[in-house]
Amino acid sequence: MSYRDQLRERERELGRPVRVGLVGAGQMGLGFVAQVAHIPGMEISAIADIDPERGHAAFKRSDRGQALSGATPDERAAAVLGGRPVVVTDALDLVSLPIDIIVDASGVPDVGASVAFFGLLAGKDIALLNVECDVTIGLLLSTVAQRMGRVYTVCRGDEPVECRRLVDYVRDIGFSVVCAGKGKNNPLDPTATPEALADQARAKGMNPKMLASFVDGSKTMIEMVALANATDLRLSRRGMTGPHSTVADLAKTFRPETDGGVLPAAGVVDYCTGPVAPGVFVIGHSDDPVVTAEMEYLGMGEGPYYSFYRPYHLASVEAPLSVAEAVLDRVPSLAPTVWNAEVVAVAKRDLRAGERVDGIGGSTVYGLAESAEVAAAEALVPLGLAAGAEVVRDVPAGTVLTAQDVRIDQSTMIATLRRLQDRLLAGERIDLPVAAPTDSLAA
């Protein structure tokens with residue numbers, strides 16, 4: 001039965017749709033609201049945004065009428081139960097509402113950390129359009145969700161999730177995974193800043209920091225690290241190889257160096273520039289002569305390396321599928337199962353002692369994928385913790401930041417949860433809740 005049919009049946013049984021709370025009504029959030037409006041059995045019940053007018057505008061565009069705002073918690077809860085949309089300015093206000101799942105589209109790691117953690121404690125499922133948060137503390141959040149009997153997931157429509165589905169498919173039909181990755185649709189420029197890209201961002205209708213995170217490579221690194229941690233694949237090397245490739249040449253490009261490709265080893269994630277974007281791919285391997293003969297007959301090439309390619313990912317358009325998977329199937333679309341890789345912060349320009357790091361998509365640092373073992377051994381700074389950090393000594397451009405270079409703000413929620421995750425990874429006993437707490441504790 002399709003999710004559409006299951007959602008309709010669930011609504012008939014319960015007398016209400018799946019109630020969704022959304023954090024962030026920017027480009028991604030607005031697209032999510034618009035798409036959910038076309039899906040029976042699912043509705044956006046509340047939107048949290050620091051600019052409440054964006055929340056109101058999103059509801060109006062989806063013909064939900066005038067949303068309630070500025071009310072008491074009890075009034076907001078009553079509105080949700082009655083089917084009236086609600087707008088709040090504090091994302092944590094969503095936690096106490098009678099909703100089924102919270103979707104975070106803020107793109108801010110610390111916001112995602114707070115919403116996900118307290119949402120899970122309050123018995124909500126959590127879906128992130130915020131991969132930046134996942135690559136920083138996703139393993140801890142996934143562990144908390146499992147203990148609480150909830151679902152923590154990264155949303156469908158982003159490259160890591162759609163590529164993970166290809167990985168599962170290739171493994172399920174008996175091939176080994178040599179490489180899984182994505183196409184990058186703009187030239188890599190690690191020095192790109194939001195200021196330099198302001199005109200281009202305006203023309204695209206994008207936030208300049210978001211565009212800068214695409215161009216400087218941070219977003220690609222984040223996405224592939226999330227994929228590695230969810231599929232138990234490794235990095236090809238620090239920063240990956242990132243060659244140019246066409247779709248037709250994927251299986252020739254992404255094979256081990258010993259067989260004429262670019263990979264130091266098999267079983268890795270990577271990316272390429274060129275016309276592969278906006279698609280995702282997996283390179284599978286089989287040297288069984290019967291299988292290779294069949295694959296050649298089916299037009300898949302002579303082997304033993306084969307490319308499996310999806311030519312698109314649909315971002316917020318596909319994200320509602322993760323809501324259905326979480327609420328109906330009780331499974332995540334993508335969540336870390338191991339911690340193989342990190343995204344570490346690199347100086348985008350010369351940094352001077354006393355400066356503050358401005359975080360992802362800013363003018364001071366960009367992200368680079370690195371193995372988790374190396375990152376831990378060298379005390380490298382996770383990109384998701386870099387925002388607001390104080391530079392304590394001069395750092396030349398291109399330097400991978402260490403704990404000796406910057407002082408991280410340890411008071412943030414994401415830094416607090418990262419310390420818990422580090423203890424978890426070190427094998428320490430972490431006392432995590434196993435049942436939904438009382439309302440007072442959740443608050």
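A donor-acceptor contact shorter than 3.5 Å links the side chain of Ser218 to the backbone of Gly367. Side chain of Gln6 to backbone of Met1: a donor-acceptor contact under 3.5 angstrom is found. Proximity of a side-chain donor or acceptor of Ser213 to a complementary backbone N or O of Lys219 within less than 3.5 Å is not detected. Under a 3.5 Å cut-off, the side chain of Thr231 and the backbone N or O of Leu227 do form a donor-acceptor pair. A donor-acceptor pair is defined here as one N or O able to donate and one able to accept, closer than 3.5 Å; no such pair exists between the side chain of Arg8 and the backbone of Gly41. Side-chain atoms of Lys348 do not come within 3.5 Å of backbone N or O of Gly361 as any donor-acceptor pair. The backbone N or O of Leu314 lies less than 3.5 Å from a partner atom in the side chain of Glu318, making a donor-acceptor pair. At distances below 3.5 Å, not a single donor-acceptor pair connects side-chain atoms of His313 with backbone N or O atoms of Val280. One N or O on the side chain of Glu75 and one on the backbone of Thr72 form a donor-acceptor pair closer than 3.5 Å. In this structure a side-chain-to-backbone donor-acceptor pair under 3.5 Å is present from Gln421 to Leu139.
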Set out, in order, the CA-CA distance, both residues' side-chain angles and the distance that settles side-chain hydrogen bond (donor to acceptor under 3.5 Å, both in side chains) for Asp104 and Asn130, then state yes or no.
CA-CA 6 Å; Asp104 176 38; Asn130 185 346; 2.6 Å; yes

Determine whether Asn340 and Ser371 satisfy the following criterion, side-chain hydrogen bond (donor to acceptor under 3.5 Å, both in side chains), listing intermediate values before the conclusion.
CA-CA 6 Å; Asn340 287 342; Ser371 76; over 6 Å; no

Can Glu162 and Asp158 be said to form a side-chain contact (heavy atoms from CB on, under 4.5 Å), step by step?
CA-CA 7 Å; Glu162 302 314 318; Asp158 217 350; over 6 Å; no

Step by step, would you call Phe32 with Ile44 a side-chain contact (heavy atoms from CB on, under 4.5 Å)?
CA-CA 9 Å; Phe32 181 79; Ile44 307 297; 3.4 Å; yes

Could you walk me through whether Arg234 and Val269 pass side-chain contact (heavy atoms from CB on, under 4.5 Å), step by step?
CA-CA 6 Å; Arg234 299 279 175 172; Val269 297; over 6 Å; no

I'd like to know whether Met300 forms a side-chain contact (heavy atoms from CB on, under 4.5 Å) with Tyr297, so could you lay out the CA-CA distance, the side-chain angles of the two residues, the decisive distance to 0.1 Å, and finally the verdict.
CA-CA 7 Å; Met300 292 294 287; Tyr297 170 74; over 6 Å; no

For a salt bridge (Lys or Arg N to Asp or Glu O under 4.0 Å) check, start with the C-alpha distance between Asp232 and Arg171, then their side-chain angles and the critical distance, and finish with the verdict.
CA-CA 12 Å; Asp232 198 12; Arg171 285 172 169 167; over 6 Å; no

Given the rule in the salt bridge (Lys or Arg N to Asp or Glu O under 4.0 Å) test, do Glu373 and Arg238 qualify, once you have shown the distances and angles that lead to the verdict?
CA-CA 12 Å; Glu373 295 87 348; Arg238 174 180 283 185; over 6 Å; no

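Atoms CD and CG, on Glu159 and Leu334 in that order, are 12.0 Å from each other to the nearest 0.5 Å. We find the CD-CZ distance between Glu370 and Arg237 to be 12.0 Å, quoted to the nearest 0.5 Å. Atom-to-atom distance recorded for Thr220:OG1 and Asp216:CG is 9.0 Å, nearest 0.5 angstrom. Here the SG-OH distance, from Cys163 to Tyr271, works out to 15.0 Å after rounding to the nearest 0.5 Å. Taking CG from Asn229 and CE from Met224, the interatomic distance works out to 11.5 Å, rounded to the nearest 0.5 Å. With rounding to the nearest 0.5 angstrom, the CG atom of Leu140 is 11.0 Å from the OG1 atom of Thr416.
A 4.5 Å side-chain heavy-atom check between Ser69 and His56 finds at least one atom pair inside the cut-off. With a 4.5 Å cut-off on side-chain heavy atoms, Ser316 and Gln35 do not count as touching. Contact of the Leu368 side chain with the Val343 side chain is not registered, since no non-hydrogen atoms from C-beta on lie closer than 4.5 Å. With contacts defined as side-chain heavy-atom distances shorter than 4.5 Å, the pair Glu428/Leu424 does not qualify. Counting heavy atoms from C-beta on, the side chains of Asp51 and Arg54 come closer than 4.5 Å. Residues Val33 and Val36 fail the side-chain proximity criterion, which asks for heavy atoms closer than 4.5 Å. A 4.5 Å side-chain heavy-atom check between Tyr152 and Pro336 finds at least one atom pair inside the cut-off. Side-chain contact check for Tyr366 versus Leu188: every heavy-atom pair is 4.5 Å or farther apart.
If you check the side chains of Ser322 and Ser333, you find a donor sitting under 3.5 Å from an acceptor. There is a side-chain donor-acceptor pair under 3.5 Å between Ser411 and Asp409. No hydrogens or angles considered: a donor-acceptor pair under 3.5 Å links the side chains of Gln410 and Arg419.
Checked for salt-bridge contact, Asp100 and Arg16 meet the test: a charged N lies under 4.0 Å from a carboxylate O. A salt bridge links Glu325 with Arg165; the closest basic N to acidic carboxylate O contact falls under 4.0 Å.
Listed by first and then second residue, the salt bridge (charged side-chain N to carboxylate O under 4.0 Å, His left out) pairs involving residues 201-213 are Asp199-Arg202 (not counting sequence neighbours). Among residue pairs with one or both ends in residues 60-74, those qualifying as salt bridge (charged side-chain N to carboxylate O under 4.0 Å, His left out) are Glu43-Arg64; sequence neighbours excluded. The list of salt bridge (charged side-chain N to carboxylate O under 4.0 Å, His left out) pairs with a residue in residues 17-26, not counting sequence neighbours, is empty. Pairs passing the side chain to side chain donor-acceptor pair (under 3.5 Å) check and including a residue from residues 109-125, sequence neighbours excluded, read Asp125-Arg150, Asp125-Arg330.
The side-chain contact (heavy atoms from CB on, under 4.5 Å) test with Leu250 singles out one residue from Tyr306, Phe281, Tyr305, Phe308, and that residue is Phe281.
Closest of all the heavy-atom pairs between Gly384 and Pro109 is O-CB, 3.9 Å. Between Ala113 and Ile137, the shortest heavy-atom contact is CB-CD1, 3.5 Å. Closest heavy-atom contact between Val80 and Ser45: CG1-CB, 3.9 Å. Contact detail for Ala91 and Val115: the closest heavy-atom pair is CB-CG2, 3.5 Å. Here the closest heavy-atom approach between residue Gly119 and residue Ile126 is recorded as CA-CD1, 4.1 Å. Across all their heavy atoms, His244 and Pro275 have their closest contact at NE2-CD, 4.1 Å.
Residues passing the salt bridge (Lys or Arg N to Asp or Glu O under 4.0 Å) test with Arg12, sequence neighbours excluded: none. For Ala127, the side-chain contact (heavy atoms from CB on, under 4.5 Å) criterion is met by Ile101, Val103, Thr153, Cys155, not counting sequence neighbours.
The 12-atom threshold is exceeded at CG of Leu425, counting heavy atoms of other residues, nucleotides or ligands nearer than 6.0 Å.
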